[in-house]
There are 4 protein chains.
Amino acid sequence: MSPTTARKRLSREESQAQTRERLIETAQQLFVANGYGGASIRDIANKAGYSQGAFYSNFSSKEDVLLELLRRHMAAEAAQLSRLMSNDGRDSERMLAELDVWASTLNQDADWCMLSIELQLHANRSKTFAAEYQKVWDQHRFELGRVIGQLFNKLGRVPPEEPGELAAAFMALSHGLALQRMSTRPDSSGRLIMAFLRGLIANAERENAE
Amino acid sequence: MSPTTARKRLSREESQAQTRERLIETAQQLFVANGYGGASIRDIANKAGYSQGAFYSNFSSKEDVLLELLRRHMAAEAAQLSRLMSNDGRDSERMLAELDVWASTLNQDADWCMLSIELQLHANRSKTFAAEYQKVWDQHRFELGRVIGQLFNKLGRVPPEEPGELAAAFMALSHGLALQRMSTRPDSSGRLIMAFLRGLIANAERENAE
Amino acid sequence: MSPTTARKRLSREESQAQTRERLIETAQQLFVANGYGGASIRDIANKAGYSQGAFYSNFSSKEDVLLELLRRHMAAEAAQLSRLMSNDGRDSERMLAELDVWASTLNQDADWCMLSIELQLHANRSKTFAAEYQKVWDQHRFELGRVIGQLFNKLGRVPPEEPGELAAAFMALSHGLALQRMSTRPDSSGRLIMAFLRGLIANAERENAE
Amino acid sequence: MSPTTARKRLSREESQAQTRERLIETAQQLFVANGYGGASIRDIANKAGYSQGAFYSNFSSKEDVLLELLRRHMAAEAAQLSRLMSNDGRDSERMLAELDVWASTLNQDADWCMLSIELQLHANRSKTFAAEYQKVWDQHRFELGRVIGQLFNKLGRVPPEEPGELAAAFMALSHGLALQRMSTRPDSSGRLIMAFLRGLIANAERENAE
DNA sequence: TATGAATGAGTCTTCATTCAT
DNA sequence: TATGAATGAAGACTCATTCAT
C-alpha cells in the first residue's frame, strides 16, 4: 500500500523465488495426499497457478522437487534436534521435558510425517534418490541416537538396545502412527512415543557405574 | 464324476486356481516392490505369465486384487492372533514367551509388512477400499489389544494407555520398521518391539488389587 | 407341475430354440439401445441369461445375429406390405384407409424403426452385410413403390416422382422421425406420413387419360 | 507487435489453429464414415497427422470434438436459415424459389447430413451431450417452422400440422434420405423434399380469410 | 523465466473371439 | 449345446518431458 513498495511489489528475483516456493509447497501437499506416483506435474503446476513449463524452469524433473523437499525436511529436523542436543549439560528431568515438547510437535503436522513416508518409499524405489536419502537419514538417526544415549546416561541406565537402533525405532513408531492417523483415528502419537520412552527407561538396568 | 473324467476335470479347476494364485502372488510382489500405483496390470499379468485379459477374468479391477490380498492378510493375522489368545488361562511368563515368538515372526517376511503399508496407504486414498480395510483393521486392533490387556492383567499392572491404543502403536512400530528395513538396514523389529513391550510393563503402576 | 410334463418341460430342441430366441431378442434390444458397435456380446449373452459361449454356439459372429435380425425384419415388413398389396382390385378410398392403418403401425414400435436404422448404418460400414441388406431393401422399396403407384393410378393421377423414389422417401421420413422420437418428442410419425401422402396426391397432375 | 516478430507469432497461432482445424475435420470424416463409437481417437489423431496427445491438447474428450462439430453445424444451419428468413416481405413465389435453393443445398454434402444423424444418435445415448444438442435442435426446428408458417400464410393456406411439426418432418425426411444415400442410391433429396412441400401446400385448406 | 502445444509411452479396461471341458 | 477362462488387439485417456516462442 505504501507508495514505494506498492508499485513494484516483487522484484524479478522475488517473483522467481515465489514461483519456486509455491511449486514446492503445492508439490508437498499433493505428494502427501496422492503419493509421489499419484501426483502429476500437471496437477502440481496448475494447483500452484502456473504452467507445466514453469515447473521445468524451476526443477529438472519430478524427482528433483522431491529432492528439494528432502533437503528442507532434513533442515527442519536438524533444527528440531539441535534444540534437544543443546542440553548437553542439563539434568535428565529437563531433557525429558524437552523430549515431551519434541514429541508433541510430531503430532502437529501429520503431513510432515506422511512426507517422510513418501520420501522413504521413494528411496526404496529409486537408486538415485536413495543415495541422497541415506545421508539425511543416517545423520538424523545418529543425532537422535545421541540424544537418547545421553538421556539414559544421565539417568544412570543402560539402553536395552544400541541408541541408534532405539532412535530408528522411535522414528518408525512416529511414521507408522502417522500412517494410521491419515485414515481416521484421533491423534496421540506424541503421548504414545513418550509412554514407550519412559517404559524403556524404567526397564533399563542400572549402570554398575562406580 | 466317473473316475476317468474326474482327474481331467480336477486338473482344469486346478489350472484355473493356479492362474488366480499366480496372479495374486505376482500382484503382491509388485505392489510391495513398486507400490499399488506403481504396479501396472500389464506387468502383473506378464510377470505371472498371462495376458491382461486373464487378469480381468479373475478380478474385476486392480483394486479387486488388493481386496483379495487384504482378505488373505486378515486371515493370516487372525491365525497369528488366535494362537496368542488361546492362552487365556496361562501364566504371564508363558504369554511373554509366545509374544516373543509372534514378534520374531513379524520380521520373517518384510514383504508382508510392506503389503500392510500399501493397504493402509490405499485405504487413505480410496473410499471404496477404506470401508473394507477399516473392518479388518479394527478387528485386528481389538484382538491384539485384548492380548495386551490380559498380559498386563496377569502381571497385576495397569496399562499406561488404553490397550487398543497400545496395540495400534505396536502395529505402527512394526510397519514403520518394515519401511526402514526395505532400504538397507538389518532386521531387528521383533527384538525392538519386545524391548518396548517389556519397558511398558516395567513402567506400569501396580494394580491396587485387594 | 403335472407329473408328465413337468419333468421334461422343454424338449432338447425346444430348449435350444428358446436359447436362440432369447439371444436374438436381447441382441435387438441392445442394438437399438446402444447401437451395433455399442452392444457387446458379453452384455447380450449375460442379459439373455447365458454365457458368451452359448452365443457362439448359436451364431458364428456378432454380425451373424444382425443378419438374423435383418431376415426377421424383412419377413415382418413383407407381411405388412402383403396386406397392402392384396387390394389390387379395391377402390382408392379403401387403399388409403389401409395405408392409414399401416402408417399408424409404424409408430407402435420405435424400436423397430431404430433397428432399421442400425441395419442401414451397418450396411454402410460392412461390405459383407451390405450385400444382404441391399436385397431386402430393394425388394421392400419395389413393393411399397408398387402400392403407391397403384394408389395414384386408381386416383387417376400422375406421381410427381417415380413411385420407387416416393417409397424410399416415405421410408426415409419414417426412419428420420424414429430417430427424433428416441430423444424426447411425442409421436406423430404416422399422421405426418399420411399428411405428406395426401399432399402429394392432391398436388399430382391428373392423368390425360382420355 | 514489431513487424518482424508479428509474423512469427502469428504463424505459431496459425499453426495451433491449423492443428485444431485438421483434427476437427478428420474427426468429422471418421464419425461420418464409422460412426461416433466406431471412430477411435487414435485413428482421428493419426489420420490428421498428429499424436493422440495432440488431440487431448485441443479437446478434453472424445465427446468434446463432437460438441465442437455440433456448434459448427448449428452455425452453418443458422446461416442457411437466416437467408430464408430474410424474406419476410417477399411474395410467396420468391420464397418457394429460395426454398428450392435451400433444399438443393441439402444434397451437396451428404457428410453433413450423416453428421447430423451421428449427433442425433449420440444425443440419444449421452445425457451430457443431449442437453447441448436439444438447444440447437429446438432452435433450428423453431426457425424452420417459422419459415414454413410464413409460406403457408403468404399463400393464404392453413398448414395441415403445426409448422414446427412440419419442420421436424422435413428434417427427418432429409436425414432419412441421407442415410439411404450413403449406401448406393443417387441423390434426389432436395427434389423430393420440394415435391413433398408443394404437395402439402396444394392440399392445405384455404384460409377463411374474408 | 514462463508458456502450453505436442510427443510417445504408458494407464486401466473392454472387446470379439477361441478352445478345452 | 453350453461354459467361461484366456487371448491379443484395441478402446479412451494420462503422464513426464520437450521445445518453439
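Quick note on labels: first sequence line is chain A, next is B, and so on, each numbered from 1.
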| remark: d(A:Lys47 NZ, A:Leu23 CG) to nearest 0.5 Å is 12.5 Å
| request: Could you state the atom-to-atom distance from CD of C:Glu21 to P of F:dT1 in whole Å? | output: 17 Å
| query | Checking A:Tyr36 side chain against A:Glu63 main chain: does a donor-acceptor pair fall under 3.5 Å? | reply | yes
| DNA chain F-proximal residues of residues 32-46 of chain A, any heavy atom under 4.0 Å | A:Ala39, A:Ser40, A:Ile41, A:Arg42
| request: Tell me whether the OP1 or OP2 atom of E:dA5 has a side-chain N or O from D:Thr19 closer than 4.0 Å. | output: no
| request: Quick one: the dot-bracket string of DNA chain F, using Watson-Crick and G-U wobble pairs with both distances under 3.5 Å, [ ] for crossing pairs and | for bases paired to another strand. | output: .||||||||||||||||||||
| Which of residues 48-63 of chain A sit near DNA chain F, with a heavy atom under 4.0 Å from it? | A:Gln52, A:Tyr56, A:Ser61, A:Lys62
| query | Would you say B:Met114 and A:Leu121 make side-chain contact, with heavy atoms under 4.5 Å? | reply | yes
| message | Output the rounded distance in Å from CD (B:Glu14) to P (F:dA6). | response | 14 Å
| Lys/Arg N to Asp/Glu carboxylate O, B:Glu25 vs B:Arg22, below 4.0 Å | no
| query | At what distance, to the nearest 0.5 angstrom, does CG of B:Asn58 lie from CD of B:Gln16? | reply | 8.0 Å
| message | Could you measure the distance from the CD atom of C:Gln134 to the CZ atom of C:Phe129? Nearest 0.5 Å is fine. | response | 11.5 Å
| CZ of A:Phe55 to OG of A:Ser60: how many Å apart, nearest 0.5 Å? | 8.5 Å
| query | Of the non-hydrogen atoms in B:Leu119 and B:Leu70, which two are nearest, and what is the gap between them? | reply | CD1-CD1, 3.9 Å
| task | Measure the spacing between CD of D:Gln28 and CG of D:Asp111 and express it to the nearest 0.5 Å. | result | 6.5 Å
| Value in whole Å for how far the P atom of E:dG4 lies from CZ of D:Arg20 | 15 Å
| query | Closest heavy-atom contact between A:Leu179 and B:Asn124? | reply | O-ND2, 3.6 Å
| Taking all atoms of both residues into account, what is the closest heavy-atom pair of A:Ala45 and A:Ser51, and its distance? | CB-O, 3.4 Å
| request: Would you kindly give the CD-to-C1' distance between C:Gln18 and F:dT1, to the nearest whole Å? | output: 14 Å
